[in-house]
Each structure stands twice: as C-alpha cells, then as structure tokens.
K.L.:
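Mind looking over this structure? Questions follow.
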Amino acid sequence: VREDSVTLTPEGYERLKSELDRLRQSRLATIDEVKVARELGDLSENGDYHAARDALALIENQLAEVETKLRNAEIIEPSDSGEVEAGIPVLLRNETTGEVTRVIFVDSVEIAYTPGGVSLSSPLAQALLYLRVGEQGAMDNGQGEVVYTVMQVGDAT
C-alpha cells in the first residue's frame, strides 16, 4: 500500500469526484476574477488582483490534492463476511460504560461527511477490524484499557 493511497467507499469516491467538479468550476470563476482585476490597472497596488491570485492559488492546491486522492484511491466494496470492515456500519458496546455506539470505519478523507465515521488508522479500528458479532476488542484510551463488544455488523435488515 502506498503512503499516499486512500481507501474510499464507493460513496466517498463519488463525493470526491463531485468536489473535483466543484473546484474546477470555482477555478474557472476565479480565473475570470483575476482577469477582471488585472484590467483595473497598476498591479502593485491592486488589492483585488492580489486577493484573486491568492484565491486561485488556494483552489489550485485543493484541486491537486483531490486529484491525487482520486488517482490513488482504492475503492472498497464492503462484503457480507460478517466481519467488521471499512465502510460497514457497526454497533459496539463499551463494556465499561454499557454505552452502545454506531460507527463506520472509513479513511480520514471520508470522516467529515460520514455520520459516525471513525478513521481506519485509529486505535479503535485497529482493535476491532475483522472481528465478528459477539467478539471483543480492546484498546488503550490513554486512561486504561477499554473493551468493546461487536453487537452488530451491517445495517439490520
């Protein structure tokens, strides 16, 4: 696995493609802003021109980042193995508190728009990936060991 590779659900891949399209449209609009601002005269004292150039540079960086992620994406197709896997909702019970939580382990790229999303590289994911219903995994939360029981893998049908 390459260091710059990302593991995406099919939904995450489509969201990233939509983000790429949005950035491309934004880039075109910003290029127009740069052209208009350039026509206003003296570039050394033209705040609109410099602001538009800065905005364009930011968009260019974001575009490059999204393009790299898409190019290096590994799209995961969740299976029906019954194991905790990336992209599959999981119900967990904290054995200390009894609290039941629904999580989905995803790449950090997807966390922001995945309700209950938890990074695949997190200690929780490392403790629970590939376990089955009824099995337990433990992780150190910095204050001691916490044991979780897998209650359900996948959405209830």
Side-chain angles (χ1 to χ4, degrees), residues 1-33 51-157:
V1 174
R2 293 175 23 187
E3 188 175 310
D4 58 353
S5 69
V6 292
T7 304
L8 298 173
T9 62
E11 297 83 11
Y13 185 80
E14 291 304 317
R15 274 194 199 100
L16 216 49
K17 281 179 34 181
S18 294
E19 175 68 4
L20 183 66
D21 291 341
R22 185 193 68 73
L23 285 167
R24 285 179 174 157
Q25 292 301 317
S26 183
R27 179 178 177 265
L28 291 175
T30 305
I31 287 172
D32 288 340
E33 289 175 22
R53 292 285 307 195
D54 290 346
L56 184 58
L58 179 64
I59 291 168
E60 295 284 356
N61 287 338
Q62 291 171 332
L63 264 170
E65 187 177 311
V66 171
E67 287 171 341
T68 299
K69 288 175 183 174
L70 285 170
R71 187 173 40 257
N72 298 322
E74 174 191 344
I75 301 170
I76 50 166
E77 292 292 342
S79 71
D80 58 359
S81 68
E83 295 179 338
V84 175
E85 294 179 30
I88 297 178
V90 181
L91 280 182
L92 305 173
R93 181 178 61 226
N94 178 318
E95 292 303 325
T96 303
T97 65
E99 180 182 358
V100 175
T101 307
R102 180 185 183 272
V103 300
I104 299 177
F105 295 111
V106 293
D107 195 283
S108 59
V109 171
E110 291 192 65
I111 288 176
Y113 48 83
T114 302
V118 174
S119 173
L120 282 167
S121 60
S122 70
L124 183 61
Q126 299 308 305
L128 299 173
L129 284 172
Y130 309 111
L131 296 182
R132 296 179 172 276
V133 171
E135 294 181 331
Q136 294 183 330
M139 62 167 264
D140 186 337
N141 69 359
Q143 299 175 347
E145 186 175 82
V146 180
V147 176
Y148 290 90
T149 301
V150 177
M151 304 298 295
Q152 179 180 317
V153 175
D155 286 322
T157 54

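Any value given below was found using the heavy atoms of this structure, including those in side chains, with hydrogens, waters and symmetry copies removed.
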K.L.:
Look up atom CG in L91 and atom CD in Q152, then write down how far apart they are to the nearest 0.5 Å.
P.N.:
4.5 Å
K.L.:
Can you measure from CE (M151) to OG1 (T101) and round to the nearest 0.5 angstrom?
P.N.:
11.0 Å
K.L.:
Among side-chain atoms of S18 and R15, is any donor-acceptor pair under 3.5 angstrom?
P.N.:
no
K.L.:
Check step by step if side-chain hydrogen bond (donor to acceptor under 3.5 Å, both in side chains) holds for T30 and R27.
P.N.:
CA-CA 5 Å; T30 305; R27 179 178 177 265; over 6 Å; no
K.L.:
Quick test of your reading of the model: are K69 and E65 salt-bridged, counting only N-O distances below 4.0 Å?
P.N.:
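Salt bridge between K69 and E65, a charged N being under 4.0 Å from a carboxylate O: yes.
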K.L.:
Yes or no on side chain to side chain contact (heavy atoms under 4.5 Å, CB included) for F105 and L128, after CA distance, side-chain angles and deciding distance?
P.N.:
CA-CA 10 Å; F105 295 111; L128 299 173; 4.2 Å; yes
K.L.:
What's the spacing between E11 CD and L16 CG if we round to 0.5 Å?
P.N.:
13.0 Å
K.L.:
Sorted by first residue and then second, give each salt bridge (charged side-chain N to carboxylate O under 4.0 Å, His left out) pair with at least one member in residues 101-113; sequence neighbours left out.
P.N.:
R102-D155
K.L.:
Do the non-hydrogen side-chain atoms of L124 and V146 ever get within less than 4.5 Å of each other?
P.N.:
no
K.L.:
Mind checking the CD1-CD1 spacing from I104 to I111? Nearest 0.5 Å is all I need.
P.N.:
11.5 Å
K.L.:
If you compare all heavy atoms of N141 against all heavy atoms of Q143, which two are closest, and at what distance to 0.1 Å?
P.N.:
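Scanning both residues, the minimum pair turns out to be OD1-N, 2.8 Å.
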K.L.:
Taking only residues two or more places apart in sequence, or in another chain, which ones meet R93 in a side-chain hydrogen bond (donor to acceptor under 3.5 Å, both in side chains)?
P.N.:
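Scan of R93 (side-chain hydrogen bond (donor to acceptor under 3.5 Å, both in side chains), adjacent residues dropped) gives E95.
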K.L.:
Search all heavy atoms of G82 against all heavy atoms of V153 and return the closest pair with its distance.
P.N.:
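That would be O-CG2, 3.7 Å.
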K.L.:
What's the spacing between L8 CG and I76 CD1 if we round to 0.5 Å?
P.N.:
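Here the rounded value is 8.0 Å.
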K.L.:
Tell me which pairs pass salt bridge (charged side-chain N to carboxylate O under 4.0 Å, His left out) where either residue lies in residues 125-144, with sequence neighbours left out.
P.N.:
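Every salt bridge (charged side-chain N to carboxylate O under 4.0 Å, His left out) pair that includes a residue of residues 125-144, provided the two are not neighbours, is E83-R132.
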K.L.:
Mind checking what makes salt bridge (charged side-chain N to carboxylate O under 4.0 Å, His left out) contact with E67, not counting sequence neighbours?
P.N.:
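Here the qualifying residues are R24.
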K.L.:
Has S26 got a side-chain atom pairing as donor or acceptor with R22's backbone, closer than 3.5 angstrom?
P.N.:
no
K.L.:
If you round to the nearest 0.5 Å, how far is OG1 of T97 from OH of Y148?
P.N.:
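With rounding to 0.5 Å, OH (Y148) is 7.0 Å from OG1 (T97).
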K.L.:
How close do V147 and A138 get, heavy atom to heavy atom, and via which atoms?
P.N.:
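Of all heavy-atom pairs spanning V147 and A138, the closest is CG2-CB, 4.1 Å.
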K.L.:
Does the pair V84 and L92 meet the rule for a side chain to side chain contact (heavy atoms under 4.5 Å, CB included), with working shown?
P.N.:
CA-CA 10 Å; V84 175; L92 305 173; 5.6 Å; no
K.L.:
Is there any side-chain hydrogen bond (donor to acceptor under 3.5 Å, both in side chains) pair reaching into residues 115-129, and which pairs are they, with sequence neighbours excluded?
P.N.:
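Matches after skipping sequence neighbours: S119-S121.
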K.L.:
Taking side-chain hydrogen bond (donor to acceptor under 3.5 Å, both in side chains) as the test, write out the residues that go with Q62, two or more places apart.
P.N.:
none
